[in-house]
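Note sheet for the following structure.
Quick caveat, the model's predicted, so the values are computed rather than measured. Computed over heavy atoms, backbone and side chain alike; hydrogens, waters and symmetry mates excluded.
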Amino acid sequence: MGNVNGAMELLAPAGDAASLRAAVCAGADAVYLGYARFGARAAAANFDAEALEKAVAYAHLFHVRVYVTLNTLIKPDETDAMLDALATVSACGADAVIVQDLGVARLARERFPTLELHASTQMAIHTAAGTRFALEHGFRRVVLARECPLAVIAQAAATGADIEVFVHGALCAGVSGQCLLSSMAGGRSGNRGRCAQPCRQQVTLGSTTAALLSMRDLCLRDDLPLLQAAGVKALKIEGRLKRPEYVAVVTDRYRKALDALANGTFAPADEAENTALKQAFHRGGFTRGHAFGAQDAALCATERVGHGGVAVGAIDYVKNGLAVARLSATLHDGDGLLIAGTPDEEVRYSGPEQSERAVIRLRPGAQARAGDALLRLTDVTQQLWTEALTEPPLPVTLRFRARVGEPMRLWASDGESTAEVDGETAQAPRTRALMPEEIANALRKLGDTPFCLQGELEIDTEPVFVPVSAINALRRSAIARLAELRRETFVLEGRAPAPTASLAEPAASGRRTNGFDAIQTLAVSFFDASTGQDFLNAGANLLIYAPTVFTADTLGRELL
């Protein structure tokens with residue numbers, strides 16, 4: 001797998017092992033996942049050291065890259081724990097680490113220089129100048145803030161950094177990495193991975209009470225050509241807290257769109273595809289986000305903060321605890337439904353497949369009224385489709401040789417790597433020789449592996465005898481070795497050269513680190529771009545631009 005000919009990388013979330021498998025099976029080029037500590041999604045299942053090692057080995061077998069999030073701000077007394085985490089990530093063979101804290105970046109570059117650095121969206125990089133800053137400090141990739149217009153995305157890409165942008169999933173009401181609302185409201189910091197999402201709560205403004213800050217979900221599926229033209233290298237799907245079927249459905253749709261873009265057949269999503277994406281998850285429909293000019297109220301979905309589902313009908317009447325619905329789409333046994341009333345009622349449909357009318361049993365005390373809209377929150381057919389997904393088969397050719405008095409030998413190749421292993425010594429037959437058909441039957445037993453036989457077996461043997469169990473052992477050994485070689489080759493091919501600037505490069509004086517003097521730095525945070533030169537003239541040598549209003553003017557035409 002993996003992106004081809006410089007095509008944009010498709011990066012899927014993996015909140016747990018099931019979602020990791022869904023991403024790989026659905027065609028992701030890479031996944032991002034959290035280590036047990038220091039990830040910006042503390043509520044996700046995440047991966048401890050043993051699980052991370054298995055996850056990397058599994059993904060690399062299918063040539064899928066793994067990026068690990070260590071993207072929270074850390075406290076001084078957590079330095080040793082962070083070093084342990086970085087050591088674990090490096091030892092497991094992960095392809096990159098995603099960080100927010102510049103101190104963590106320095107630790108990684110100094111102690112683990114082969115570990116590629118990606119600048120988290122939590123770093124709030126939203127200008128070409130910020131992108132250059134990241135490059136100068138050892139980052140190879142920058143995950144731009146979601147607030148960036150397309151023009152700024154293109155300017156950031158022109159710096160030479162690998163630019164990654166979010167293309168699907170939840171948006172945040174706060175500026176990326178700068179929101180303190182959860183910290184102030186309940187002492188749970190988003191920069192520590194514990195955001196309580198107070199922006200999703202009901203608020204009152206004048207006579208209006210609604211979730212006024214709750215954002216729609218992003219969907220840039222139809223904008224892939226424009227993102228490619230802007231120089232984007234990676235497309236990120238949000239959702240480490242989402243279900244495996246969400247990961248599978250969204251990844252699959254973007255995979256197919258990217259493949260169509262590569263072969264010149266790209267087209268906007270049709271109604272069926274849009275419905276499938278909405279069925280997986282959405283809030284109030286989709287938005288094209290800041291990249292394509294959406295601002296203020298156009299970004300918000302104030303009526304319902306949870307999954308908006310897909311409309312499948314309306315309640316006709318209610319009687320004796322049963323709601324009879326007129327349907328506009330087919331219901332399946334096991335579908336999760338929502339009756340949109342006052343209050344909303346979540347129910348599960350149980351019964352035969354229906355496309356015109358359905359009877360829905362209500363829980364005791366549940367309320368439903370004629371005219372209430374019926375929404376499907378979970379589609380059992382999507383769940384079954386996800387469960388039926390399998391990893392892409394890995395074609396393998398096998399060549400076997402046996403000579404009396406010599407160890408059996410088996411070559412297994414995937415076209416890039418070849419494993420050569422020896423087995424038991426072949427003996428002269430006492431009663432009868434082992435037939436080539438028997439050897440072939442033993443070698444074909446690949447059903448418990450991701451490999452599939454390609455072409456005909458090559459069997460070169462004189463009359464010999466060996467136990468069939470020995471041939472089985474030889475096959476297992478060759479396939480295991482080929483899997484190791486596939487992983488090793490993939491990692492070596494994907495290992496990029498070191499960035500032009502590195503946190504690990506000290507100045508001649510021995511005092512200069514992180515690209516500036518760590519002792520004699522005067523950093524100034526300012527919000528009015530016109531005052532930047534004044535601060536430089538006054539002696540500042542590190543400027544942190546934090547505008548109070550994020551618009552195309554402040555983001556796109558200043559500090560570039």
message = Assess the residue pair L258 and F266 against the criterion (side-chain contact (heavy atoms from CB on, under 4.5 Å)); give the C-alpha distance rounded to whole Å, side-chain angles, the decisive distance to 0.1 Å, and a yes or no.
response = CA-CA 8 Å; L258 281 171; F266 182 86; over 6 Å; no
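- The structure places CD of E238 at 8.5 Å from CZ of F281, a figure rounded to the nearest 0.5 Å.
- Between the T121 side chain and the L144 main chain, a donor and an acceptor come within less than 3.5 Å of each other.
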request  = Kindly indicate, with the supporting measurements, whether the criterion side-chain contact (heavy atoms from CB on, under 4.5 Å) is fulfilled by M82 and L86.
outcome  = CA-CA 6 Å; M82 175 56 79; L86 287 167; 4.2 Å; yes
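- A side-chain donor-acceptor contact under 3.5 Å links D333 to the backbone of G351.
- Distance check: H290 NE2 to E147 CD gives 5.5 Å after rounding to the nearest 0.5 Å.
- Across every non-hydrogen atom of H126 and A145, the tightest pair is CB-CB, 4.3 Å.
- Salt bridge status for D344 with R304: present, with a side-chain N to carboxylate O gap under 4.0 Å.
- Of all non-hydrogen atoms in V31 and A14, the two that sit nearest each other are CB-CB, 4.3 Å.
- A salt bridge links K233 to D162: one of the charged nitrogens lies within less than 4.0 Å of a carboxylate oxygen.
- In this structure the side chain of L220 reaches within 4.5 angstrom of the side chain of L227, judged on heavy atoms.
- At distances below 3.5 Å, at least one donor-acceptor pair connects side-chain atoms of Q279 with backbone N or O atoms of R376.
- Distance alone, capped at 3.5 Å, places no donor-acceptor pair between the R216 side chain and the L299 backbone.
- Residue I98 holds its CD1 atom at 7.0 Å from OG of S120, rounded to the nearest 0.5 Å.
- Taking a cutoff of 4.0 Å between a charged side-chain nitrogen and a carboxylate oxygen, R348 and D335 do not qualify as a salt bridge.
- Within the structure, the side chain to side chain donor-acceptor pair (under 3.5 Å) test picks out the following pairs touching residues 359-371 (sequence neighbours left out): Q367-R369.
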ask   = How far apart are the C-alpha atoms of V165 and I163, what are their side-chain angles, what is the distance that settles it, and do they pass the side-chain contact (heavy atoms from CB on, under 4.5 Å) test?
value = CA-CA 7 Å; V165 298; I163 296 299; 4.0 Å; yes
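- T390 and C25 make their closest contact through C-SG, 3.4 Å (heavy atoms, listed as atom of the first residue, atom of the second, distance).
- The CD atom of E164 sits 4.5 Å away from the NZ atom of K236 when rounded to the nearest 0.5 Å.
- Interatomic distance, CG of L362 versus CD1 of I339, reported as 5.0 Å (0.5 Å rounding).
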request  = Could you give me the CA-CA distance, side-chain angles and deciding distance for R141 and E9, then say whether salt bridge (Lys or Arg N to Asp or Glu O under 4.0 Å) is met?
outcome  = CA-CA 12 Å; R141 175 177 294 187; E9 176 186 81; 2.8 Å; yes
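- For the pair D217 and T287, the minimum side-chain heavy-atom distance is 4.5 Å or more.
- Closest non-hydrogen pair, L331 versus A358, comes out as CD1-CB, 3.9 Å.
- Here the side chains of Q155 and T127 are not in contact, with every heavy-atom distance at 4.5 Å or above.
- Shown here is K278, whose NZ atom has no more than 12 heavy atoms of other residues, nucleotides or ligands within 6.0 Å.
- Under a 3.5 Å cut-off, the side chain of Y349 and the backbone N or O of V359 do not form any donor-acceptor pair.
- There is no side-chain donor-acceptor pair under 3.5 Å between E116 and Y67.
- Using a distance-only test at 3.5 Å, with no hydrogens or angles considered, no donor-acceptor pair links the side chain of R200 to the main chain of S214.
- Residues H118 and Y32 are not in side-chain contact: their nearest non-hydrogen atoms beyond the backbone lie 4.5 Å or more apart.
- Distance alone, capped at 3.5 Å, is enough to place a donor-acceptor pair between the H307 side chain and the L377 backbone.
- Counting only heavy atoms from C-beta outward, the side chains of D259 and K256 never approach each other to under 4.5 Å.
- Remark: side-chain polar atoms of D316 are not paired, donor with acceptor, to backbone N or O of R326 under 3.5 angstrom.
- Residue A30 comes nearest to V64 through the heavy atom pair CA-CG1, 3.7 Å, listed as atom of the first residue, atom of the second, then distance.
- For the atom pair L33 CG and S19 OG, the distance stands at 10.5 Å (nearest 0.5 Å).
- Taking all atoms of both residues into account, the shortest heavy-atom contact from F286 to C219 is CG-CB, 3.5 Å.
- No more than 12 heavy atoms of other residues, nucleotides or ligands shown are found within 6.0 angstrom of OH on Y317.
- Looking at residues two or more places apart in sequence or on another chain, you find a side chain to side chain donor-acceptor pair (under 3.5 Å) between D223 and R288.
- Other residues, nucleotides and ligands contribute at most 12 non-hydrogen atoms within 6.0 Å of the CD atom of E356.
- With sequence neighbours excluded, the residues satisfying ring pair (Phe, Tyr, Trp, His ring centres under 6.0 Å) with H60 are F490.
- Looking at P393 and E391, their side chains never come closer than 4.5 Å, going by heavy atoms from C-beta outward.
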task = Please assess E273 against R253 for the test salt bridge (Lys or Arg N to Asp or Glu O under 4.0 Å), listing each intermediate value before the final yes or no.
result = CA-CA 7 Å; E273 183 173 355; R253 297 313 189 270; 5.0 Å; no
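- Side-chain contact check for Y35 versus T69: every heavy-atom pair is 4.5 Å or farther apart.
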message = Using side-chain contact (heavy atoms from CB on, under 4.5 Å), reason through L102 and F133 one step at a time and then give a plain yes or no.
response = CA-CA 11 Å; L102 283 175; F133 177 88; 3.9 Å; yes
task = Using the side-chain hydrogen bond (donor to acceptor under 3.5 Å, both in side chains) rule, take Y246 and Q382 through it: C-alpha gap first, then chi angles, then the decisive distance, then the call.
result = CA-CA 9 Å; Y246 164 89; Q382 278 193 350; over 6 Å; no
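- Annotation: side chain of L337 is in contact with side chain of L374 (closest heavy-atom distance under 4.5 Å).
- Counting non-hydrogen atoms of other residues, nucleotides and ligands closer than 6.0 Å to CD of Q202 gives a total above 12.
- With T378 contributing its side chain and G336 its backbone, the two residues share a donor-acceptor pair below 3.5 Å.
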